[in-house]
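Chain letters run A, B, ... following the sequence lines, proteins first, then strands; residues in each count from 1.
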Amino acid sequence: MSRTARVKSTTAPVRVHGCVPAAAAAATAVLSVRYGTMGTTMSLFRDDGIVLRTQKIGEADRIITFLTRQHGKVRAVARGVRRTKSKFGARLEPFSHVDIQFFSRGSELVGRTLPLCTQVETIAPYGARIVDDYTRYTAGTAMLETAERFAENEGQPAVQQYLLLVGGLRTLADGTHQSHLVLDAFLLRSLAVNGYGASFTDCARCGLPGPNRFFSLQAGGVLCGDCRVPGSAVPSPETLVLLGALLSGDWQTADACEPRYWREGSGLVAAYLQWHLERGIRSMRYVEK
Amino acid sequence: MYEGVVQDLIDELGRLPGVGPKSAQRIAFHILQADPVDVRRLAFALQQVKEKVRFCSVCGNVAESEQCRVCLDPRRDLAVICVVEESKDVVAIERTREFRGRYHVLGGAISPIEGVGPDDLRIRELMTRLADGTVTELILATDPNLEGEATATYLARLCKPMGLKVTRLASGLPVGGDLEYADEVTLGRAFEGRRLLDV
């Protein structure tokens with residue numbers, strides 16, 4: 001797919017929206033053309049993103065929800081992708097990392113009507129390797145749903161969340177670490193990039209250097225004996241070490257941890273996530289551990 | 001807004017999947033202008049489908065009696081079960097005239113993001129059918145998309161201890177297409193599932 005897009009109807013001057021170097025990062029709006037007597041604008045946008053979810057519409061179409069690098073969450077219509085002879089249906093499956101060209105009726109990608117997916121190229125098809133293992137698949141869907149929830153405002157860039165998801169899916173697909181550990185690491189880091197980072201060593205209230213024993217969801221992490229609040233949990237020190245390792249990316253420590261600490265840590269992460277998101281993540285119920 | 005029964009008809013038609021308000025209006029006016037005999041036949045068919053059609057107690061396919069046509073057919077091979085997502089898939093496979101075994105309709109595919117887990121499908125019923133040892137092969141014919149693949153992976157894992165032969169429908173290039181237009185995922189699958197030409 002070439003970086004410069006063509007639009008058929010060109011009765012008026014062509015405006016180039018943004019001129020972004022042809023790097024791995026995809027461009028923003030490539031071209032927008034005003035046409036006809038009503039002065040309607042059509043725009044082509046180019047971005048790369050992860051397919052979060054697909055919904056069937058009509059006979060053979062789908063609405064695809066992407067988390068894109070430049071535009072955050074984007075919902076777009078992919079026509080005819082459910083037909084077996086579709087040219088890019090297979091590329092628009094959840095977990096796929098793709099380079100997409102959108103066609104939008106307006107100067108913005110996210111407007112009153114949904115844009116269309118006109119071209120799709122695969123960057124990395126993580127889906128095939130994730131779906132081969134059911135445990136990995138359930139962890140992956142929880143990651144997709146969490147990413148969608150954090151990037152709720154369509155069209156608002158969420159670059160850190162996007163990069164985190166790409167990295168998370170790559171790690172999950174590689175299968176080098178236990179899938180539930182990858183999920184917990186992704187959840188903790190998603191919370192952190194969205195401003196809900198938990199502290200697992202220093203006291204979340206007074207900053208007393210750790211290790212501290214008491215864990216409180218409301219306080220945002222561990223608390224010292226002086227700051228502890230009623231109802232604080234007292235997880236094992238190894239669990240707190242594991243959670244700290246997952247947050248910082250210390251995989252050596254995380255992989256060496258015993259299963260009972262994984263389970264305790266997963267419970268704390270799920271509760272902490274639900275506390276901040278207010279509504280639970282539906283696919284978390286199905287995650288196999 | 002139209003008056004009384006015309007608007008009621010438009011509203012009811014508009015509740016059907018894929019029918020918007022404009023289409024509902026068009027269908028309603030077509031019915032108004034149609035021959036009364038045709039309309040009565042349509043009404044009768046709608047009534048009959050709700051009264052007579054139920055789900056087969058064995059496979060979950062649509063049936064007009066306790067069991068569906070396929071399950072009642074004595075010429076069918078009892079040793080093979082083909083697992084599909086919907087009754088529509090049974091019709092699609094029957095059109096091929098290749099399969100002589102029986103079916104099992106799951107009623108969907110596992111999709112955690114939509115809140116559909118293994119317990120929401122007819123997996124328990126499938127396990128009951130497999131328990132008596134008559135079945136020797138299970139063909140997983142779920143859709144070739146991510147949810148279908150995940151469902152197939154789950155079922156394959158579940159059936160592994162039973163010592164059954166579990167197979168998955170091949171996926172690859174569509175017949176009548178050009179290789180150069182195939183996407184890399186489909187082409188990759190076609191390579192993976194290539195077969196020996198024994199001529």
Subject >> Under 4.5 Å from a heavy atom of chain A, the part of I110(B) involved >> reply: both

Original post:
So, the side chain of T153(B) versus the backbone of V131(A): is there a donor-acceptor pair under 3.5 Å, distance only?
Top reply: yes

Original post:
Which atoms of Y134(A) come close to chain B, meaning under 4.5 Å heavy atom to heavy atom: side chain ones, backbone ones, both, or neither?
Top reply: both

Original post:
OH/Y137(A) to OG/S111(B) distance, rounded to the nearest 0.5 angstrom?
Top reply: 5.0 Å

Original post:
Can you tell which of R157(B), E147(B), E149(B) has the highest number of heavy-atom pairs within less than 4.5 Å of chain A?
Top reply: R157(B)

Subject >> Interchain contact, R53(A) with chain B, by part (heavy-atom threshold 4.5 Å) >> reply: side chain

Original post:
For the atom pair CD (E114(B)) and OG1 (T141(A)), what is the distance rounded to the nearest 0.5 Å?
Top reply: 11.0 Å

Original post:
Which bit of F88(A) is near chain B, if near means a heavy-atom gap under 4.5 Å: side chain, backbone, both or neither?
Top reply: neither

**OP:** Check whether E93(A) gets within reach of chain B through its side chain, its backbone, both or neither, counting any heavy atom under 4.5 Å.
**Re:** side chain

Subject >> Pairs of heavy atoms under 4.5 Å with chain B: top-ranked of R91(A), Q55(A), R82(A), E145(A) >> reply: R91(A)

**OP:** Give the member of P94(A), A142(A), A128(A) that has the highest number of heavy-atom pairs under 4.5 Å with chain B.
**Re:** P94(A)

Subject >> Greater than 12 external heavy atoms within 6.0 Å of Y181(B)'s OH >> reply: no

**OP:** Could you look at I130(A) and say if it's the side chain, the backbone, both or neither that has a heavy atom under 4.5 Å from chain B?
**Re:** neither

**OP:** Take atom CZ of F55(B) as the centre, draw a 6.0 Å sphere, and report whether it contains more than 12 heavy atoms from other residues, nucleotides or ligands.
**Re:** no

Original post:
Do you know which of L173(B), V116(B), D143(B) has the most heavy-atom pairs with chain A at a distance under 4.5 angstrom?
Top reply: V116(B)

Original post:
Counting heavy atoms not belonging to E51(B), are there more than 12 under 6.0 Å from its CD?
Top reply: yes

Subject >> Y154(B) OH to D133(A) CG distance, which is reported to the nearest 0.5 Å >> reply: 13.5 Å

Subject >> Among the listed options A156(B), A182(B), A150(B), G176(B), the residue most often paired with chain A at heavy-atom distances under 4.5 Å >> reply: A150(B)

Original post:
Are more than 12 heavy atoms from other residues, nucleotides or ligands located less than 6.0 Å from atom CZ of R129(B)?
Top reply: yes

Original post:
For V19(B), is it the side chain, the backbone, both or neither that has a heavy atom under 4.5 Å from a heavy atom of chain A?
Top reply: neither

Original post:
Between OG1 of T65(A) and CD1 of I113(B), what distance do you get to the nearest 0.5 Å?
Top reply: 8.5 Å

